> 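Sharing a structure with you now.
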Amino acid sequence: MHLAKLIEMQKDLDGRIRKEKGLEGEELVPNTFVALQVELAEFANEGRWFKHWKEDRAPRTSGKCSNCQGKGEGFFSGNRYTGNIEVCVACDGTGINEKENPLLEEFVDGVHFFLSIAIQNGWDDALYIYEEQLDPGDFDGDLTAWYLELTYFLNKSYFENSNEEENQKWKKYYGFPAKQYWFRIAWVMFLNIGINGFGFSPEQIEQAYLAKNKVNHDRQTNGY
Ligand SMILES: O=c1ccn([C@H]2C[C@H](O)[C@@H](COP(=O)(O)O)O2)c(=O)[nH]1
C-alpha cells in the first residue's frame, strides 16, 4: 500500500470538500470521528460475524446481479434458455455480481476517515506501521474482541488528554505522544481486521481506496 500517495489524495479530497462546502478553517475533527464510527459500524454490518441470532453470518463480499436482482433466473430480456429454466446471462445463473464488494467498500470508507483524522490532527506519522504489526500469527480471529478494542482506542485518542510530562514518556517508550499512539493502535487493529480477519490484500485495499476516492470527487463535481 502506497500510504504517502493515499494521504496526499485524502488531503486533496478533504481540501476540495472544505472549499466547495465553505468550510475552510473550520474545526471538523469531531464530525470526522463520528463519520469514522459510522463507517466502522457499517463495515461490521457487512461483516456480519457478530449476528449470533442469524443463520446467515457470511460477510457480504459480493453484490447482487443487477440483471436478475440476485435470482439467477427469471423471465427478462437477455436470458439464455437452458431446458426448463431461464438462466441470467449477466451472472450465469449465480445471482452474484463479483465486481461489488460491500464489505471492502465500507472498509475503505473507514480508511478515508482514518486518514482524514490523521491529517487534520497532524498525526500522519502514526499511520506508518511495521510489517510485524500485521503478522497473521498474532491475530486470533476474535473479530468481536478486536472490533471493540479498536473502537475503545479510537475513543481514547479523542477523549483522553495527557500532560506534557506524560507525553514525553509516551514518546520515549512508544515513539509517539499518547493520543497519537492510541490512534495508531486503533489503525493497526483496523488493518488487522481487514487483512488478517477478512483476507484483504494491501493492494486490494489500495485499489478500492482509489476507486472510492474517485467516486467521492465525482460526487462533489455533481453537487453531492
Ligand atoms: O471530509 C470528507 C467527507 C467525506 N469523505 C468520504 C469518505 C467516504 O468514502 C465517503 C462517505 O460519504 P457517505 O457515503 O457516508 O455520504 O465520503 C472524505 O473522505 N472526507
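Here the structure is a predicted model, which means the values were calculated and not measured. As the structure lists them, so they are numbered: ligands from 1, and atoms in each ligand from 1.
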> Suppose I only count heavy atoms of Lys212 and a 4.0 Å limit; which atoms of ligand 1 are within that range?
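Within the 4.0 Å cut-off of Lys212, ligand 1 contributes 9 (O).
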
> Quick one: look up the protein heavy atom nearest atom 8 (C) of ligand 1 and list residue, atom name and how far away it is.
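That would be Asp109 OD1, 3.4 Å.
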
> So, Tyr152 versus Tyr147, ring centres under 6.0 angstrom or not?
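Ring-ring flag for Tyr152/Tyr147: false, centres at least 6.0 Å apart.
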
> Return yes or no for this condition: an N or O of Ser116 is under 3.5 Å from an N or O of ligand 1.
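Looking only at distances, the answer is no, because the N/O contact criterion of under 3.5 Å is not met.
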
> May I ask you to check whether Phe153 and Phe183 place their ring centres under 6.0 Å from each other?
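That pair fails the under 6.0 Å test.
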
> Would you please indicate yes or no on a ring centroid separation below 6.0 angstrom for Trp146 and Phe139?
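Phe139 vs Trp146: aromatic centres under 6.0 Å.
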
> Within the structure provided, determine whether Asp135 and Asn196 are in side-chain contact (heavy-atom separation under 4.5 Å).
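A side-chain contact is absent here, since even the closest heavy-atom pair is not under 4.5 Å.
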
> Which residue owns the protein heavy atom closest to atom 11 (C) of ligand 1, what's the atom, and how far is it?
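Answer, as residue, atom name and distance: Glu39 OE2, 3.7 Å.
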
> Could you give the side-chain donor-acceptor pairs of residues 28-42 under 3.5 Å, partners two or more places apart or in another chain?
unit_1: Thr32; atom_1: OG1; unit_2: Leu28; atom_2: O; d: 2.6
unit_1: Thr32; atom_1: OG1; unit_2: Gln120; atom_2: NE2; d: 3.1
unit_1: Gln37; atom_1: NE2; unit_2: Asn155; atom_2: OD1; d: 2.8

> Under 4.0 Å from a heavy atom of Gln10: give me the atoms of ligand 1 that qualify, with their elements.
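Those atoms are 18 (C), 19 (O), 20 (N).
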
> Can you confirm whether or not the ring centre of Trp182 sits under 6.0 Å from the ring centre of Trp170?
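Between Trp170 and Trp182, which both carry aromatic rings, the centre distance is below 6.0 Å.
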
> So is Arg18 close enough to ligand 1, meaning a heavy atom under 4.0 angstrom away?
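Per 4.0 Å heavy-atom rule, Arg18 does not contact ligand 1.
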
> Below 4.0 Å, non-hydrogen atoms only: which portion of Lys21 touches ligand 1? Side chain, backbone, both or neither.
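Contact part for Lys21 vs ligand 1: neither.
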
> Mind telling me whether Phe107 and Phe200 have parallel, tilted or perpendicular rings, with 30° and 60° as the class edges?
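The rings of Phe200 and Phe107 stand perpendicular, inter-plane angle above 60°.
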
> Only heavy atoms of Arg219, strictly under 4.0 Å: list the atoms of ligand 1 that pass.
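In order of number, 12 (O), 13 (P), 14 (O), 16 (O).
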
> To check your reading of the model: name the closest protein heavy atom to atom 10 (C) of ligand 1, its residue, and the distance in Å.
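Going by distance alone, atom 10 (C) of ligand 1 is nearest to Asn216 OD1, 3.5 Å.
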
> Could you tell me the residue and atom name of the protein heavy atom closest to atom 16 (O) of ligand 1, and the distance to it rounded to 0.1 Å?
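For atom 16 (O) of ligand 1, the nearest protein heavy atom is Tyr224 OH, 2.6 Å.
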
> Does ligand 1 have a heavy atom under 4.0 Å from the side chain of Val108, from its backbone, from both, or from neither?
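Neither part.
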
> Parallel, tilted or perpendicular: which one describes the rings of Trp187 and Phe114, with boundaries at 30° and 60°?
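Judged by the thresholds at 30° and 60°, the geometry between Trp187 and Phe114 is tilted.
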
> Among all protein heavy atoms in this structure, tell me which lies nearest to atom 20 (N) of ligand 1, with the distance rounded to 0.1 Å.
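Checked against all protein heavy atoms, atom 20 (N) of ligand 1 sits closest to Asp14 OD1, 2.8 Å.
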
